[in-house]
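One structure below.
Throughout, numbering of the chain's residues begins at 1 and tracks the sequence. Fair warning: this is a prediction, and the values are worked out from it, not measured in the lab.
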Amino acid sequence: MLVKFGITKCKAVATPSDVNVKLQNDDGVSTQVDRSLYQSLVGRLLYASMGTRPDIAYAVGAISKYCAHLTTAKRIPRYLKGTFDLSLKFEKVPGDIITGYSVADFAGDLDDRMTTSGNIFI
């Protein structure tokens, strides 16, 4: 996946998204990118987030709404490169109950003030 998007020799990052960057349709900085390249990257990241990497689901959901933030989209594979050796392991503990985690940014979308959220239950 990294070869197709020209990010094989990139530096790894510690987080899948930058907390200081707020995405919006027309931010005055980002330019339109090749739509098929962007959608291909987002599709591959969506597949990874649903199957094996739920830690990137929130970031992938945020970039999937736009087609102008290629730098932000390329940050996620850079995160995956740095965390390639990490894995999730779910074990059943006797007497354990279902635990749920949720994340949301209240009215975090600068375009329409919608909230983006995510959940995971173990």
Side-chain angles (χ1 to χ4, degrees):
M1 177 170 75
L2 299 175
V3 174
K4 180 177 181 179
F5 302 103
I7 45 181
T8 55
K9 297 179 182 177
C10 63
K11 292 184 180 179
V13 292
T15 59
S17 61
D18 187 357
V19 295
N20 298 318
V21 174
K22 295 288 186 187
L23 301 177
Q24 61 187 72
N25 279 332
D26 186 20
D27 60 1
V29 178
S30 299
T31 59
Q32 287 294 323
V33 297
D34 179 14
R35 183 176 287 282
S36 64
L37 176 72
Y38 190 85
Q39 290 174 344
S40 176
L41 177 60
V42 170
R44 290 166 190 245
L45 292 171
L46 278 169
Y47 182 79
S49 71
M50 295 298 165
T52 59
R53 296 300 299 257
D55 53 333
I56 64 170
Y58 184 81
V60 174
I63 65 161
S64 66
K65 295 189 281 187
Y66 308 102
C67 192
H69 301 285
L70 188 59
T71 304
T72 304
K74 284 184 175 183
R75 182 181 173 92
I76 300 169
R78 290 176 56 205
Y79 167 75
L80 293 175
K81 182 180 180 182
T83 59
F84 187 74
D85 58 339
L86 298 180
S87 63
L88 293 174
K89 183 177 181 183
F90 298 104
E91 295 179 343
K92 178 156 176 53
V93 178
D96 200 11
I97 59 173
I98 295 176
T99 305
Y101 299 95
S102 178
V103 63
D105 64 344
F106 179 72
D109 189 333
L110 298 177
D111 294 319
D112 57 10
R113 306 310 294 171
M114 298 295 286
T115 300
T116 304
S117 63
N119 302 297
I120 185 169
F121 292 91
I122 302 170

- Task: Carefully, step by step, assess Tyr58 and Val60 under the rule side-chain contact (heavy atoms from CB on, under 4.5 Å).
- Result: CA-CA 6 Å; Tyr58 184 81; Val60 174; over 6 Å; no
Looking only at heavy atoms, what is the nearest atom pair of [X] and [Y], with distance?
X	Y	answer
Lys11	Arg78	O-NE, 2.9 Å
Tyr79	Ala14	CE1-O, 3.3 Å
Ser49	Ala57	CB-CA, 3.8 Å
Val13	Arg75	CG2-O, 3.8 Å
Leu45	Ile56	O-CD1, 3.8 Å
Gly82	Ala12	CA-CB, 3.4 Å

- For Arg53, all residues meeting salt bridge (Lys or Arg N to Asp or Glu O under 4.0 Å), sequence neighbours excluded: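 Result, salt bridge (Lys or Arg N to Asp or Glu O under 4.0 Å) vs Arg53: Asp55.
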- Message: Could you work out, with side chain to side chain donor-acceptor pair (under 3.5 Å) as the rule, every residue matching Ser102, not counting sequence neighbours?
- Response: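 Result, side chain to side chain donor-acceptor pair (under 3.5 Å) vs Ser102: Asn119.
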- Task: Quick one: list whatever passes side chain to side chain donor-acceptor pair (under 3.5 Å) with Ser64, sequence neighbours left out.
- Result: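 For Ser64, no residue satisfies side chain to side chain donor-acceptor pair (under 3.5 Å) once neighbours in sequence are set aside.
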- Arg44 side, atom CZ; Tyr47 side, atom OH - distance, nearest 0.5 Å: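 OH of Tyr47 is found 12.0 Å from CZ of Arg44.
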- Please round to the nearest 0.5 Å and tell me the distance separating atom CG of Leu41 and atom OG of Ser36.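 Rounded to the nearest 0.5 Å, the CG-OG separation comes to 11.5 Å.
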